[in-house]
Amino acid sequence: MPDAPVLSIVIPCLNEEECLSSTTGTILAVLKSLGDENLIAENSFILYVDDGSTDKTWDIIQTQNKEHSGKVKGIKFSRNYGNQKAILAGLTESVNFGADCIITIDADLQQDENKIKDFVIKYKNGAQMVLGIRNDRKTDGIIKKVSALSFYKFMNLLGVNIKVNHSDYRLVSKEIVKVLNNFKETNLFLRGMFNELGFKKDYVYFDVKPRKCGKSKYTPFSLYSLAMSGITSFSLVPLRMVTFVGFSMSFVSFLIGLSALIDKFTNNNPVPGWTTIVVSIGFISGIQILCLGIIAEYLGQLFQEVKARPRYIIETEII
Ligand code: UDP
Ligand code: MG
């Protein structure tokens, strides 16, 4: 491990024109103070990944690249690929640009940037991966809070032990990035992938601030899609549940049929009326469609993986 590693701060951006100037100023100040303390190398840098912004984000990145030569680099995607792919591209390119370790943080700096020092110290003490864990979810709305917590609980139930409240604020070493690049999947759920890699991990706990510029770029649909990616790429339990539900329902129906027959032959009772039939048909059709839906989620994932298209296209890079 180098004494003063080259640190890259990767920042994915989608339409973040309001945030970029203050974010660059803040992060450069943090890098400078860590450099002064000899914790990181002088040539540490920020790498912005423009994830298909339609506002002035890329222009601002270009201007900042000229202003702070070598300290602010940028990658521009050909279109919007989503924050997970922007992070992956940032990690991969940082290593190509000579980084020893990389921290990913959001453009709105909601995560406490003063903790960057703690990440670096833990890395220097031997951790290959340092995960940021948020202390609470005070800044989230009620819907996001409930859905995030139930998602983590559900994932844990499915046997995927991702750390509750770990966001994408983390440090990884260049060795980890090289290992990660052997994972070729299109549907990325980085929290799950880093969890699966093993290696020596450490944790940093931080507070989340409210967003002070721009608006959240996550829609309920993109959050749903991220959650589905997480579930279907790390657990087969829902598929097994389909088999289990099918089997139990047939078994229960068989028992009910049997008891109705016995009742008919022993007590000469007719099989009771149409309500039972309508309710049970409705119930069973519902379960069948649900099961098909679960299978379709996996099939959809498989469809995308089989095509093995490039995960993202980089249009321009400025270094
Ligand atoms: N982001 C991105 N691509 C997307 C959506 C978001 O690069 O398709 C970036 C965004 O610019 C920000 C980070 O991902 O830097 C986290 O997004 P945001 O702050 O909007 O999410 P929230 O904090 O509301 O969960
Ligand atoms: Mg945010």
Side-chain angles (χ1 to χ4, degrees), residues 6-35 40 42-94 96-99 101-117 119-120 132 134 139 167-172 190 206-219 222 312-319:
V6 178
L7 171 67
S8 158
I9 306 283
V10 164
I11 309 182
C13 311
L14 173 64
N15 298 333
E16 298 286 6
E17 61 183 7
E18 293 103 327
C19 296
L20 287 191
S21 60
S22 74
T23 300
T24 303
T26 312
I27 296 292
L28 285 181
V30 172
L31 290 182
K32 176 153 189 342
S33 93
L34 294 179
I40 58 169
E42 285 299 317
N43 53 343
S44 298
F45 56 90
I46 298 177
L47 174 59
Y48 281 112
V49 184
D50 179 3
D51 183 17
S53 300
T54 48
D55 65 359
K56 297 212 169 58
T57 297
W58 184 244
D59 297 339
I60 298 173
I61 296 172
Q62 279 177 305
T63 315
Q64 293 189 347
N65 168 264
K66 288 197 192 98
E67 250 171 56
H68 311 278
S69 70
K71 288 263 165 215
V72 178
K73 304 181 196 293
I75 302 174
K76 179 176 163 46
F77 274 177
S78 61
R79 65 165 170 87
N80 177 249
Y81 280 94
N83 137 303
Q84 299 287 287
K85 288 179 183 153
I87 292 177
L88 180 73
L91 294 176
T92 310
E93 294 311 303
S94 293
N96 293 342
F97 298 154
C101 57
I102 303 107
I103 292 179
T104 47
I105 191 167
D106 292 347
D108 51 19
L109 292 189
Q110 281 189 273
Q111 299 107 328
D112 184 0
E113 71 282 351
N114 295 317
K115 297 282 174 175
I116 289 179
K117 182 173 176 179
F119 280 88
V120 173
R134 44 197 295 181
T139 53
S167 60
D168 282 314
Y169 187 24
R170 73 171 79 75
L171 176 148
V172 292
L190 293 173
F206 67 96
D207 288 323
V208 178
K209 299 172 264 182
R211 208 183 221 275
K212 54 180 186 299
C213 44
K215 284 203 280 290
S216 173
K217 303 301 172 315
Y218 268 108
T219 58
S222 57
Y312 49 79
I313 296 171
I314 295 177
E315 191 180 303
T316 324
E317 273 184 3
I318 41 175
I319 53 174

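Hydrogens, waters and symmetry mates play no part in the numbers below; they use all other heavy atoms, side chains included.
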Next on the checklist: The criterion is salt bridge (charged side-chain N to carboxylate O under 4.0 Å, His left out); which residues satisfy it with K32, sequence neighbours excluded?
Outcome noted: D36
Next on the checklist: Just to verify, what does T104 make a side-chain hydrogen bond (donor to acceptor under 3.5 Å, both in side chains) with, not counting sequence neighbours?
Outcome noted: none
Checklist entry - Listed by chain and number, what are the ring pair (Phe, Tyr, Trp, His ring centres under 6.0 Å) partners of F45, not counting sequence neighbours? => result none
Next on the checklist: Going by the rule side chain to side chain contact (heavy atoms under 4.5 Å, CB included), which residues pair with S33 if we only count those two or more places apart in sequence or in a different chain?
Outcome noted: E37
Next on the checklist: The criterion is salt bridge (charged side-chain N to carboxylate O under 4.0 Å, His left out); which residues satisfy it with K56, sequence neighbours excluded?
Outcome noted: none
Checklist entry - Taking atom CH2 of W58 and atom CG of N15, what is their separation to the nearest 0.5 Å? => result 14.0 Å
Checklist outcome for this item: With sequence neighbours left out, the residues meeting ring pair (Phe, Tyr, Trp, His ring centres under 6.0 Å) with F206 are Y169
Item to check | salt bridge (charged side-chain N to carboxylate O under 4.0 Å, His left out) partners of residues 9-26, not counting sequence neighbours, each pair once | outcome: E16-R211, E16-K217
Checklist entry - Can you list the residues that meet the side chain to side chain contact (heavy atoms under 4.5 Å, CB included) rule with S22, with sequence neighbours excluded? => result none
N/O donor-acceptor pairs under 3.5 Å from side chains in residues 69-76, not counting sequence neighbours:
| residue | atom | partner | partner atom | Å |
| --- | --- | --- | --- | --- |
| K71 | NZ | E42 | O | 2.5 |
| K71 | NZ | S44 | O | 3.1 |
| K73 | NZ | G70 | O | 3.4 |

Checklist entry - Of all residues at least two apart in sequence or in a different chain, which pass the side-chain hydrogen bond (donor to acceptor under 3.5 Å, both in side chains) check with N114? => result D112
Item to check | Non-neighbouring partners of S222 that pass side chain to side chain contact (heavy atoms under 4.5 Å, CB included), sequence neighbours left out | outcome: Y218, T219
Checklist outcome for this item: Residues at least two apart in sequence or cross-chain that pass side chain to side chain contact (heavy atoms under 4.5 Å, CB included) with D168, listed by chain then number, are N83, Q84, I87, R170, L190, R191
